[in-house]
Amino acid sequence: MILSALLTSVGINLGLCFLFFILYSILRKQPGNANVYAPRLVTEGKLEPRNNFNLERLLPSTSWVTRSWHPTEQELLARAGLDGVVYMRTITFSLKVFAFAGVVGLCALLPINYMGNQIVIDFSDFTNKSLESFSISNVNDGSNRLWVHFGAMYAFTAFVCYLLYLEYRDISLKRLAYYYSSEPKPDQFTVLVRGIPKSSTDSLSANVEKFYSEYYPSQYLSHYMVYHTTKIQKLISDADKVNRKLAHLKSTQNTSQRFGRVGFLGLFRPKVDLVEYYEKKLEDLENNARKQQSLLSGKEVPAAFVSFKSRLGTAVALHIQQGENPTEWLTERAPEPQDVYWPFFSASFLSRWIGNVMVVFACFILTILFLIPVGIVQGLTNLDQLETWFPFLKGVLNIAFISQVITGYLPSLILKMFLYLVQPVMIMLSSIQGYVAHSQIEKSACNKMLWFTIWNIFFANALVGSALYRVNIFLEPKEIPNILAAAVPGQATFFITYVVTSGWTSTVSELLRSMPLLSNYMRRLFSTKADEKFKVPSLPYSSEIPSILLFGLLGSTYFFLSPLILPFLLVYYCLAYIIYRHQLLNVYSPKFETGGTFWPIVHNSIVFSLILMHVIALGIFGLKKLPLASSLTIPLPIITLLFNNYCRKRFLPVFKGYPAECMIKKDRSEEDMSDFHERLRTAYQDPALKPLNFTGRTDGHNAPLLASET
């Protein structure tokens, strides 16, 4: 790819970013858009929509940037939880790393690369030349200047490991402090027990009470059985839809809308009073749901939430095998009540195992299929190959601007669009693995998305684009460094355009929130209920964290190969810092809290990026005929892995569970727990089993049609 194509891509994305900033700064001021651009503030009553008109509403401004910058980390913790803080710490960590890398890369490595003469440069046609002249490929083979790259790689690794240690230590301390400062929560006193064995004489519920009363007589408090409630959930969902239709009909001023046909697509059957029809249907649904609730006896699932009187007693039950059969009385940490994902409680040990195997197979197939768009994208970056595929476009492709757009901007855009389709699939695959918490599904999808992104965006593009993609790469492990060393530098320009398109533009478009804006406009256009409630969104960690870590991997691997990518990465992280602080404070509301357990995923990904950089350096120095530097690189990944092993033993246990010392201190600091223990008995009640309260409800709200639990 040539410099002109890169400049075209940068120009297009800069224009789009500027346009998005202008549109956002105007649209956010319009009263009707408050639910889109500040939904959290609206629900908290901190931002009341106003209809008074003034000229300032039509002028762009940057005041929101200052307001996003000012809040401290403690204020962010109070608003977004520890998970939100960890997400922002990932961005600030990357900023520190690549600020250091930018100084070293741009001041030392880039001039050395450019002064080499391995690649012949025609300065008379500079914009139509490859950017490889700025990469390590331009340094002469065997040149002593390569030792500067060697030293920079060691310095970069040391700096990253030092920051990783500080971050891991600080976040683990924040996790403990967050635990100490938290109020008593049901999940701290509860374990989920699955694989409850059936008894010929007792029900599952009686079996649970008998088991824990006998073996935990001083700690056992209560338990709540899980039931088959699929039919009830379907009835409640149908009632919710009917209730919203009824609310809309009663709120409309046009009486003619109250009469219509209820057949297929409203085309058949005689006209009826729709209000009376839906009221009768709502009453029938309520009666059916109550009937199903009364018939739940004997429909117990072999799973229960078992609560204990202390956190220490809960930990003992959680970490010790309960029964002689290791597939029975399986215990796992209970999620927060609002975090529970109910559909898969009835899954057995065997079905969960089969489900996991099928998900692994599905991920493998998806990875293989994604090579198709990767191949298309890499074909677009090669103009000669594109003319071979589509000879009838030869005349159009000869136009300079169009060819620059196709080779510079379009490939990254297409790849990003395909990647948007993958994230919902990963969420779906994680949800069928038997997880019982939304946070578990989110973390599982985050891991899947991370490694899928790294393989398909980095490895597949580098290998396919270099025409070196061979199946026997996996059969010849010794050749991997050489193959990567030859393949990766040549894709530097493609990844720079990917950072600009997928990083800059996508991050700024996060401000605009185009889909919620369109949805809000359609709702206002077709709904007469102006005060209709809405759901405040939560930050999709499963897609956002992998994006940040992918750019970190690109920066780490290209730091010494092609440091020209570093300023583009720094711009991305600066944009992400401001924009996501603003979104966490004003738009997103956390639906669950994992206590910062996303950080080990971040740590492992960064360590992997360092190891990958070392492997590529091993091959690069070999190809550049500097065998001593290649040999001296070998200790670097070993030292990095030892550092990672130390961090895992030193900090990771805190993220898997809280120590007994913390639990005992918390138990001792709380004196009278009788009221909390009473609430704990019904904390994990299935929403489908709560008292029903939807007959006659016509407020048009989207909340579940259930009475609130006291």
Side-chain angles (χ1 to χ4, degrees), residues 83 185-197 204-205 207-208 212 222-234 236-237 296 299-308 314-315 317-319 321-323 326-360 426-448 538 541-542 590-595 597-598 601 655-658 680-690 704 709:
D83 289 334
K185 296 180 180 180
D187 58 290
Q188 298 174 357
F189 295 84
T190 307
V191 297
L192 171 62
V193 181
R194 304 170 85 169
I196 301 172
L204 290 174
S205 180
N207 205 13
V208 172
Y212 283 96
S222 62
H223 71 276
Y224 185 84
M225 295 299 301
V226 181
Y227 295 86
H228 288 284
T229 59
T230 306
K231 290 184 179 179
I232 301 176
Q233 292 170 358
K234 178 67 167 58
I236 292 175
S237 177
L296 279 181
K299 294 186 178 181
E300 297 169 329
V301 170
F305 291 99
V306 181
S307 299
F308 298 84
T314 306
L318 178 64
H319 295 292
Q321 182 177 317
Q322 301 297 293
T327 64
E328 296 178 347
W329 299 106
L330 300 173
T331 58
E332 59 184 274
R333 197 179 307 278
E336 297 179 356
Q338 70 273 15
D339 188 26
V340 177
Y341 181 72
W342 294 97
F344 281 90
F345 277 96
S346 59
S348 65
F349 176 84
L350 180 60
S351 63
R352 292 200 304 273
W353 180 81
I354 294 175
N356 286 325
V357 173
M358 292 179 63
V359 166
V360 171
M426 292 303 184
I427 289 283
M428 184 270 292
L429 291 176
S430 296
S431 66
I432 64 176
Q433 286 186 267
Y435 292 115
V436 295
H438 295 284
S439 58
Q440 295 173 354
I441 294 173
E442 193 81 9
K443 285 178 60 180
S444 176
C446 181
N447 267 313
K448 291 183 179 66
S538 61
Y541 293 110
S542 60
K591 290 185 178 180
F592 55 79
E593 177 60 58
T594 70
T597 55
F598 283 99
I601 297 176
F655 290 84
K656 291 184 175 181
Y658 296 102
L680 192 57
R681 296 178 187 274
T682 56
Y684 286 94
Q685 184 179 10
D686 190 332
L689 302 181
K690 294 180 180 179
E709 182 184 352

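Sequence positions, counted from 1, serve as the residue numbers for this chain.
Ser542 meets the side-chain hydrogen bond (donor to acceptor under 3.5 Å, both in side chains) test with Gln423, Glu442; sequence neighbours excluded.
A donor-acceptor pair is defined here as one N or O able to donate and one able to accept, closer than 3.5 Å; no such pair exists between the side chain of Ser444 and the backbone of Gln440. A donor-acceptor distance shorter than 3.5 angstrom exists from the side chain of Glu593 to the backbone of Asp83, with no hydrogens or angles considered. The closest donor-acceptor contact from the side chain of Arg681 to the backbone of Ser307 lies at 3.5 Å or more, if one exists at all. In this structure, Asp339 contributes its side chain and His438 its backbone to a donor-acceptor pair below 3.5 Å. Remark: the backbone N or O of Glu328 is not paired with any side-chain donor or acceptor of Gln322 at under 3.5 angstrom.
Between Val301 and His228 there is a side-chain heavy-atom pair separated by less than 4.5 Å. Between Leu192 and Val436, some side-chain heavy-atom pair lies under the 4.5 Å cut-off. Residues Lys448 and Val359 form a side-chain contact, since some pair of their non-hydrogen atoms from C-beta on lies under 4.5 Å apart. Residues Arg333 and Leu318 meet the side-chain proximity criterion, which asks for heavy atoms closer than 4.5 Å. Proximity of Val340 to Phe592: side-chain heavy atoms (C-beta onward) are nowhere separated by under 4.5 Å. Two residues are said to be in side-chain contact when any heavy atoms from C-beta on lie closer than 4.5 Å; Asn356 and Val360 fail this criterion. The closest side-chain heavy-atom distance from Lys443 to Phe598 is below 4.5 Å. In this structure, the side chains of Ile196 and Glu300 stay at 4.5 Å or more apart for every pair of heavy atoms.
Minimum heavy-atom separation, Tyr341 to Tyr435: CD2-O, 3.6 Å. When every heavy atom of Phe308 is checked against every heavy atom of Leu680, the shortest pair comes out as O-CD2, 4.2 Å.
In this structure, Phe305 and Tyr684 have parallel ring planes: the angle between them is below the 30° cut-off, well short of the 60° mark.
Crowding of Lys231 atom NZ: a count of heavy atoms from other residues, nucleotides or ligands under 6.0 Å not exceeding 12.
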